[in-house]
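Just so you know, residue 1 is the first one in the sequence shown, and it goes up from there.
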Amino acid sequence: MAKTKNFILRIDSDMMDAIEAWAADEFRSTNGQLQWIVAEALRKARRMPKRSSAGAAKSGTAAEPSDG
């Protein structure tokens, strides 16, 4: 399982209301929705660290196929 870190996030109430509503629509917790939003932003910006094939195997995801 991936190691997690905790930190405090200050967010205005209107934005939090929108995130909570979005999370409910997606059947996620608010925390899960925030993690998904951050992961999507990192992926789209191509800043998400690559998983090693050992890490992918442990998480149950397939490693990317090689071209060789």
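How far CD1 of I19 is from CG of L9: 7.5 Å, rounded to the nearest 0.5 Å.
For residues 4-29, every residue pair satisfying the side chain to side chain donor-acceptor pair (under 3.5 Å) rule, not counting sequence neighbours, is listed here: R28-Q33.
A search for side-chain hydrogen bond (donor to acceptor under 3.5 Å, both in side chains) contacts involving R43 returns E40, not counting sequence neighbours.
Cluster membership check: M48 shares its hydrophobic cluster with V38, using side-chain heavy-atom separations under 4.5 Å among Ile, Leu, Val, Met, Phe, Trp and Tyr.
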